[in-house]
Structures are given as C-alpha cells and as structure tokens.
Amino acid sequence: MNKALITAATMLATMPAMAGEAFTLPADSDWTDAVKKALVVYDNPDSFVNKVSFAFREQWQMAVVQPNGSNGLHLRDGASPFNSEFRRSWIGVNVYMNSGTQFHTYARIGGLPSRSTYANGRTKRNFTYTDLYDIWLKQNISAVKGLTLKAGKFAPAFTSDYRISNANIACIERSYLCNQFGMDSNWGIELNYTAPDKNNILYVQLMANDRASASKSLTHKDVYRDGRGLKGEFGWEDKCFIIIGGTHKFDVTANGYQAVSAEYMHDFNNAYHGRRKAGANNYGLGFRDALSVGYEVKSGKLLFMANAVAAFEQQAGNGTNNIGLQLQPVYSVHPNVDLVLRYTGMTGDGACKLGSDRYICTQTDAASWVDSLHALYFGVDLYASSKRKDAAKLMFGVEYTTARKDGADCYNGWEFTTAIRFNF
C-alpha cells in the first residue's frame, strides 16, 4: 500500500496546478510518449513481423462498505468493512504482421481472488492466481476494407458499459446493470465490420463461457486444469452464447458527436431444453435473452451515456425478467480532471443482481438477487497526462445503493472506493 501511495503522490505532483489555469488543449507530446516508445521492442515495417510491443495494466484499490443505519445488521459477523486489492495486474504483448494479422495476449496476475474474502466467520486474504485474460489472433479480410475476423479468448461486447475497455471506464467499477451478466473474457470468434470513417460498426460474437470458479465440477470432462494457474471449464455444449451488435455515429464535428447502439444476446445453455449433461455447470450470462439499447452524446467538455437493458428468463431464480437503466454524464472541468455521475436502476422479481458489486457481496449477508435496485455514484478522476488520460489516473468514487426483496429493504448503504490505475 505504501508503494501505491508514493506512486500516487508522485503522479499528482506532475499535474499542473488547477487554480487559475486556463482550459488548454493537450500537449503534442509528453512523458507518456517516452513510456510507449520504451515498450516497443521491435519495429521494422519491411519485415514480415512489423512490430512487437509490450503492454501493462495495473490497478490497486481500496474500499469501505458502510451499510446505512439499521442495515448495519447486514454486515456479516466478523467481517471487516474495509477491503483492498490489486484489482488488475496484467502484462501483455502485441505482435503486428504485414499480412494484416495481429496477435494479442494479456497475462492476468492476481485479479479478483487477491482481495479479502469472508469465510468461517472472519475476513481473510484470498489466494492469487495467474491466467490469460486475452489471447487472440485478428485477421484483416482484404476483400472488404474494415472487415476483420478474430478468434481466441476476449471480452464479450454487450451493454454500452461493457463495450468500453476496463482501461477507459470513467467509474472505478462497472455498473450493476452491466455486471449482472457476469461477463468476463471468453473463448470464441468474432466477425467485425468497422467502416473506414469509424462511424458505423457491426459485429457478431459466438462464444463459449470459460469461467474459472470454485463451483465448477471437477468430474466434468471439459475441466482442463485446476489449481492456482489456468483453470476452468470449456465446452460449447453447455455454455455457448451469441451477441449481435452495432453502433452508428452521426453529427460528427470537431467538438463532439452523437451515437446510437444496440446489442442482442442469446444463451444456448442446454438447461433450457432439458438436455443439460451431468456435471456441467451453468456459466452462461444468467439470462436466456437480453437486449441493450444505448445513446451517447459528446459536446465540448460533456460526455453523456444512456443505456437501457431488457433481460428475459433469469436462470438462478424464478426465471423472471429484468428491466434496467444506466445514465452517466462525465464533465471535464480541466484537462486533467473529470467529474462523474452515474445512476443505475433495475426492477425484476428476484432478477436484479446485487451480488455484482464485489465488496457488498463479500462483506454483507444481503441477498445476491433482489426485486429492485437503485444506485447513485459520484466520482472524481485525476489524470497525470491530458494527452493520454487513461495512462495514469487517480480515481475517487462513492456509491449509495438501495435494494428491496419481498417488499422489504434488504440492503441500503454506501461504498467508498479509491483506485490508482496505470495503462500502457
């Protein structure tokens, strides 16, 4: 923790003073250019392998879960309200070839299981593991400019929130609306068309969920490794899902744009048809079908995102439906400072996932699935570079969550979180 705080202090010391400073455009070059250049280990446009570069992503964060008033009873006996973790510690490599092929991988060290967890009446530090978050090949299809085919392990693209890389999200953690689907990187293939002007994108993803989990069946034939390294299950027959989506950007000017998006997801899990194989686990997206519609507008210093989601036949509970909304304005008060506000609301009989918030799920006895959920997030993001805002940033966030189940409050409370994030 001391190392992280020293790093934060150094980062903040490099920021220009905000008092009385004009809102200026980012510099043509800064210290992030030197870091990016240092990560390039090979660069030769005349060879078959054009370029090889390393990448890294680091995020340390701490949080305090504070149930409100009588809801303090929901804090588990013996559980601490405080938690901290290296949320992300990734090392990656990118290889570009003159055949229009890109190879990309990210090794994930630590991650979610490195946080404190509650077990046997007390809070304790969980183990750390290593796996591959990403490993894929992408090929440009020369017959159609902008058409690519990707195969390997990568993130699904469903909901406006989840289509944003975790290096670029404005909030410390994604919204309940997004996280209720439990999405992580998965094995699959993607066909993507991005128009040359970048204003139209269409894609199809066919994926098989690969969820490393303590609840996986060790007897299932698709378990390929256990322990604290690569682990999980792989099998199209019980964890296959498809996502079809697209984005259209319009009114594009030097000062902003507008964009609309839509995605449809269907889970082919065999449980729906009574053919689920013995020992198979349901690691699907939690619902049989889901539709996401988004709108985004950027105007000067303001970026506003709205996302509505309808999800049908939730699997873990009574098979009920879910309707949700996310509203998120981000206002840049300075080239190095953003203010963030996010509202998330969901309703559905036992079909709203409160457990998608990691710390509330760990340290309280609140139900994982509730009937209604509302959350309001306030945040401030401080950037060390105005040119590459997500290269190094210090983030402060507070979120108030209220949830009801069976006509009564099952959780009301605050979560205070601070994070330091680096991405190159």
CA sep, side-chain torsions, deciding dist, call: R288, H266, side chain to side chain contact (heavy atoms under 4.5 Å, CB included):
CA-CA 6 Å; R288 180 174 182 177; H266 176 73; 3.8 Å; yes
Quick one: are [X] and [Y] in side-chain contact, heavy atoms under 4.5 Å?
X	Y	answer
F103	V52	no
V340	V380	no
V49	N44	no
F396	L382	yes
V65	T364	yes
S53	V41	no
W369	L354	no

Tell me if a side-chain donor or acceptor on [X] pairs with a main-chain N or O of [Y] at a distance below 3.5 Å.
X	Y	value
N200	A195	no
D409	T402	no
T101	M97	no
N322	A351	yes
T344	L177	no
S292	V309	no
D338	D381	no
T418	M62	no

Please test E190 against K138 for salt bridge (charged side-chain N to carboxylate O under 4.0 Å, His left out), starting from the C-alpha separation and ending with a verdict.
CA-CA 9 Å; E190 175 190 271; K138 184 167 69 175; over 6 Å; no
Hey, which of E415, Q59, E399 is the one that makes side-chain contact (heavy atoms from CB on, under 4.5 Å) with I172?
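That would be Q59; it is the only one of E415, Q59, E399 passing the side-chain contact (heavy atoms from CB on, under 4.5 Å) with I172.
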Pick one: which of L202, L206, L149 meets side-chain contact (heavy atoms from CB on, under 4.5 Å) with L191?
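That would be L149.
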Please determine if R163 and E263 form a salt bridge, counting it only when a charged side-chain N lies under 4.0 Å from a carboxylate O.
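Yes, charged N to carboxylate O under 4.0 Å.
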Salt-bridge contact R87-E173 (side-chain N to carboxylate O under 4.0 Å)
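Result for this pair is yes, salt bridge flagged.
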Non-hydrogen atoms of [X] and [Y] that approach each other most closely:
X	Y	value
D251	Q258	OD2-NE2, 2.8 Å
L303	Y257	CD1-OH, 3.8 Å
F312	N321	CA-OD1, 3.3 Å
T247	S261	OG1-CB, 3.6 Å
M346	K353	CE-N, 4.2 Å
N412	A403	OD1-N, 3.8 Å

Sole candidate of Y377, W414, Y343, F378 that passes ring-ring contact (aromatic ring centres under 6.0 Å, His included) when paired with Y400:
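Among Y377, W414, Y343, F378, the one meeting ring-ring contact (aromatic ring centres under 6.0 Å, His included) with Y400 is W414.
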For the ring-ring contact (aromatic ring centres under 6.0 Å, His included) test, which of W90, F56, F54 pairs with F424?
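The residue from W90, F56, F54 that satisfies ring-ring contact (aromatic ring centres under 6.0 Å, His included) with F424 turns out to be F56.
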For R174 and D161, run salt bridge (charged side-chain N to carboxylate O under 4.0 Å, His left out): C-alpha distance rounded to whole Å, both residues' side-chain angles, the deciding distance at 0.1 Å, then the answer.
CA-CA 7 Å; R174 300 187 193 273; D161 200 340; 3.7 Å; yes
Before giving the answer on side chain to side chain contact (heavy atoms under 4.5 Å, CB included), spell out for W187 and I135 the whole-Å C-alpha distance, their side-chain angles and the decisive distance to 0.1 Å.
CA-CA 9 Å; W187 296 97; I135 180 167; 3.9 Å; yes
Roughly how far apart are [X] [atom1] and [Y] [atom2], rounded to 0.5 Å?
X	Y	atom1	atom2	answer
M305	I164	CE	CD1	5.0 Å
Y176	L373	OH	CG	5.5 Å
D349	D371	CG	CG	5.0 Å
N307	C178	CG	SG	8.5 Å
I169	S175	CD1	OG	9.5 Å
Y359	F82	OH	CZ	9.0 Å

Run the salt bridge (charged side-chain N to carboxylate O under 4.0 Å, His left out) test on R388 and D33 for me, step by step, so that the C-alpha distance in whole Å, both residues' side-chain angles and the decisive distance to 0.1 Å come before the verdict.
CA-CA 9 Å; R388 292 187 177 90; D33 295 296; 3.1 Å; yes
Does CG in L327 sit with more than 12 non-hydrogen atoms of other residues, nucleotides or ligands closer than 6.0 Å?
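Yes, enclosed.
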I323, CD1: over 12 other non-hydrogen atoms inside 6.0 angstrom:
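Atom CD1 in I323 is not crowded, with 12 or fewer foreign heavy atoms closer than 6.0 Å.
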Could you list the residues that satisfy ring pair (Phe, Tyr, Trp, His ring centres under 6.0 Å) with Y203, not counting sequence neighbours?
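Counting only residues at least two positions away or on another chain, Y203 forms no ring pair (Phe, Tyr, Trp, His ring centres under 6.0 Å).
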D43 and K51: CA distance, side-chain angles, deciding distance, salt bridge (charged side-chain N to carboxylate O under 4.0 Å, His left out) verdict:
CA-CA 4 Å; D43 192 359; K51 184 178 179 180; 5.4 Å; no
Start with the C-alpha distance between N423 and D390, add both sets of side-chain angles, then the distance that settles side-chain hydrogen bond (donor to acceptor under 3.5 Å, both in side chains), and finish with yes or no.
CA-CA 6 Å; N423 180 68; D390 296 308; over 6 Å; no
Between F154 and W136 (judged by ring centroids, cut-off 6.0 Å), do the two rings come close enough to count as a pair?
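No, ring centres 6.0 Å or more apart.
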Looking at F181 versus F158, is the centre-to-centre ring distance below 6.0 Å?
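Centroid separation for F181 and F158: below 6.0 Å.
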Would you call the rings of Y106 and H104 parallel, tilted or perpendicular, where under 30° means parallel and over 60° means perpendicular?
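Aromatic pair Y106/H104 classed perpendicular.
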Under the side chain to side chain contact (heavy atoms under 4.5 Å, CB included) rule, what do M395 and R421 come out as? Steps first, then yes or no, please.
CA-CA 8 Å; M395 310 175 74; R421 185 179 295 174; 3.9 Å; yes
Walk me through whether S385 and D30 qualify under side-chain hydrogen bond (donor to acceptor under 3.5 Å, both in side chains).
CA-CA 8 Å; S385 167; D30 63 8; 2.5 Å; yes
Any chance you could lay out the side chain to side chain contact (heavy atoms under 4.5 Å, CB included) test for Y383 and L394, step after step, and finish with the verdict?
CA-CA 7 Å; Y383 306 102; L394 180 60; over 6 Å; no
side-chain hydrogen bond (donor to acceptor under 3.5 Å, both in side chains) evaluation trace for E58 with S89:
CA-CA 5 Å; E58 187 75 45; S89 187; 3.1 Å; yes
